[in-house]
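Heads up: the structure comes next, in structure tokens.
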There are 2 protein chains.
Amino acid sequence: MSGRQAVSPRSRRQARLDLILEAAEGVFADAGFEGASMSSIAAAAGLPKANLHYYFGTKEALYRAVLEGILTLWLSATDPIRPEADPAEALSAYVRAKMRWSRQRPQASRVFANEVLHGALYLQSYLAGPLRALVREKSAVIEGWIAEGRMRPVSPPHLFFAIWAMTQTYADFDPQIRAVLDCPPLDEQAQAQGGATVLQLVLGGCGLA
Amino acid sequence: MSGRQAVSPRSRRQARLDLILEAAEGVFADAGFEGASMSSIAAAAGLPKANLHYYFGTKEALYRAVLEGILTLWLSATDPIRPEADPAEALSAYVRAKMRWSRQRPQASRVFANEVLHGALYLQSYLAGPLRALVREKSAVIEGWIAEGRMRPVSPPHLFFAIWAMTQTYADFDPQIRAVLDCPPLDEQAQAQGGATVLQLVLGGCGLA
DNA sequence: AACATTCTTGACCGTTCGGTCAGGATTTTC
DNA sequence: GAAAATCCTGACCGAACGGTCAAGAATGTT
């Protein structure tokens with residue numbers, strides 16, 4: 001059928017971009033922005049360094065592209081928090097989604113954490129923009145639940161900070177957790193127990209136990 | 001009384017070391033290990049770069065010295081968790097101590113976080129040694145409280161991970177929190193509200209509300 | 001087949017990095 | 001006050017960094 005080759009130029013280019021972005025995410029997660037070198041990212045991608053510069057121009061541009069890919073995922077988990085939902089179910093679903101994210105994309109979480117940790121200079125517009133808006137919106141939902149007596153009074157933004165911190169710690173502080181628990185490989189049972197503990201604290205703290 | 005000058009050579013040297021360590025902690029907190037340069041640390045301390053090398057030899061040795069200073073503080077807050085103590089009071093005191101630490105030594109917290117985030121290669125012996133031992137010891141205390149029916153069953157290590165995450169987030173993720181809350185300066189009220197929320201989650205989750 | 005566009009890369013460049021060192025200043029010791 | 005020990009620092013070094021570029025290879029278009 002037709003002369004179109006199986007791999008279109010568009011997708012060839014996209015595959016190259018994705019290959020580089022994936023390698024870059026891993027190196028940025030391990031070493032941070034300053035610690036990562038273009039040569040090490042190139043080595044991780046199996047490409048010559050000059051090729052990365054052809055596609056992304058500068059290290060900063062590559063870093064921003066990695067961050068952008070992470071942010072698109074970052075905002076999508078709050079869906080279950082809607083006024084008509086059951087508070088316990090909604091918060092449980094949200095916590096579970098965040099735990100899943102830490103388990104499946106730990107590198108993304110660590111790149112994000114590293115960025116915020118060092119001042120969030122590339123993320124400020126995102127934090128003060130879409131993220132703030134999202135927190136405002138979802139906080140209103142929670143305030144509604146509280147007003148209706150469906151859960152204990154809490155400061156909704158701080159509840160979000162707590163949930164983010166507790167769930168992301170399983171990605172960001174993984175070396176500490178593994179060292180303390182003495183389980184070098186990714187222990188599935190430990191992560192399940194962690195998720196259960198986080199849920200217990202959130203639900204218990206909100207009077208939904 | 002002798003010719004000893006008001007400032008002994010011992011304390012003169014110590015003052016110099018402390019000056020450098022303090023400057024280094026700040027720069028490492030802002031930029032991470034790789035991002036920090038010896039010249040920027042020297043500039044922050046108001047000394048020539050070669051002077052830092054005179055006292056600490058290498059950048060790595062200086063970094064280790066900064067970490068060591070941080071670790072001595074890191075282990076000291078679990079004191080209130082003792083078998084004969086009241087669970088609610090003990091956990092409250094612990095959470096408050098951790099919140100105070102995040103407020104008063106945010107740079108130390110961020111250096112620690114950065115180190116763990118990037119694999120904890122300089123901290124592994126500490127994490128798997130004294131920290132693991134401490135968690136084991138205090139976990140036994142909490143298990144005891146649970147067995148006596150004085151609090152709800154929880155996985156004690158994961159409770160610690162949760163408390164560490166929630167309290168340290170106020171130092172490590174400060175840019176995110178400030179951006180979302182829209183309070184550029186250090187908002188004392190926000191931090192108090194954060195502390196109250198963390199306490200509510202911990203006590204509520206442990207059935208101590 | 002000829003041309004245009006896109007892609008690829010080894011070699012190179014200026015800068016900055018961590019670290020060294022000689023030699024002078026300062027302080028301590030006797 | 002002289003000798004010894006410690007402290008201080010401008011100048012320098014090789015390595016690694018981010019980034020550039022010209023020239024060739026591959027691909028797409030007509």
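What you are looking at is a predicted structure, and each value in this text was computed from that prediction instead of being measured.
The aromatic rings of A:Y126 and A:F112 sit perpendicular, their planes meeting at an angle over 60°, well past the 30° parallel limit. Taking the six-membered ring where tryptophan is involved, the planes of A:F28 and A:Y63 are perpendicular, since the angle between them exceeds 60° and thus also 30°.
Taking atom CG on A:N51 and atom P on D:dA22, their separation rounds to 18 Å, with Å as the unit. Between A:L19 atom CG and C:dT8 atom P there is a gap of 11 Å when expressed in whole angstrom units. If you take CD1 of B:I41 and C1' of C:dT16, they are 15 Å apart, rounded to a whole angstrom.
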Nucleotides 3-5 of chain C: which of its N/O atoms have a protein N/O under 3.5 Å away?
none

Protein-nucleotides 14-18 of chain D N/O pairs closer than 3.5 Å?
unit_1	atom_1	unit_2	atom_2	d
D:dG18	OP1	A:A36	O	3.2
D:dG18	OP1	A:M38	N	3.4
D:dG18	OP1	A:K59	NZ	3.0
D:dG18	OP2	A:M38	N	2.8
D:dG18	N7	A:K49	NZ	3.3

Protein-nucleotides 24-26 of chain C N/O pairs under 3.5 Å:
none

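Taking the side chain to side chain donor-acceptor pair (under 3.5 Å) definition, one finds that B:T169 meets it with nothing, sequence neighbours left out. Looking at residues two or more places apart in sequence or on another chain, you find no salt bridge (charged side-chain N to carboxylate O under 4.0 Å, His left out) involving B:R16. Under the side chain to side chain donor-acceptor pair (under 3.5 Å) criterion, A:Y94 pairs with A:W164, not counting sequence neighbours. By the side-chain contact (heavy atoms from CB on, under 4.5 Å) test, B:A97 pairs with B:A77, B:R100, sequence neighbours left out. Residues passing the salt bridge (charged side-chain N to carboxylate O under 4.0 Å, His left out) test with B:R103: none are found, sequence neighbours excluded.
Evaluation of the side-chain hydrogen bond (donor to acceptor under 3.5 Å, both in side chains) test over residues 187-199 of chain A, restricted to residues two or more places apart or in two chains, returns none. Screening residues 67-82 of chain A for salt bridge (charged side-chain N to carboxylate O under 4.0 Å, His left out) gives A:R82-A:E84 as the qualifying pairs, with residues at least two apart or on separate chains. Under the salt bridge (charged side-chain N to carboxylate O under 4.0 Å, His left out) criterion, the residue pairs touching residues 35-60 of chain A are A:E60-A:R64, with sequence neighbours excluded. Within the structure, the side-chain hydrogen bond (donor to acceptor under 3.5 Å, both in side chains) test picks out the following pairs touching residues 20-46 of chain A (sequence neighbours left out): A:E25-A:R105, A:D30-A:R110, A:S37-A:S40.
In this model, the phosphate group of C:dT6 is not approached by any side-chain N or O of A:Y55 to a distance below 4.0 Å at OP1 or OP2. Under 4.0 angstrom from either OP1 or OP2 of C:dC7 there lies at least one side-chain N or O belonging to A:Y54. The phosphate of D:dC7 (OP1 or OP2) has a side-chain N or O of B:R13 nearer than 4.0 angstrom.
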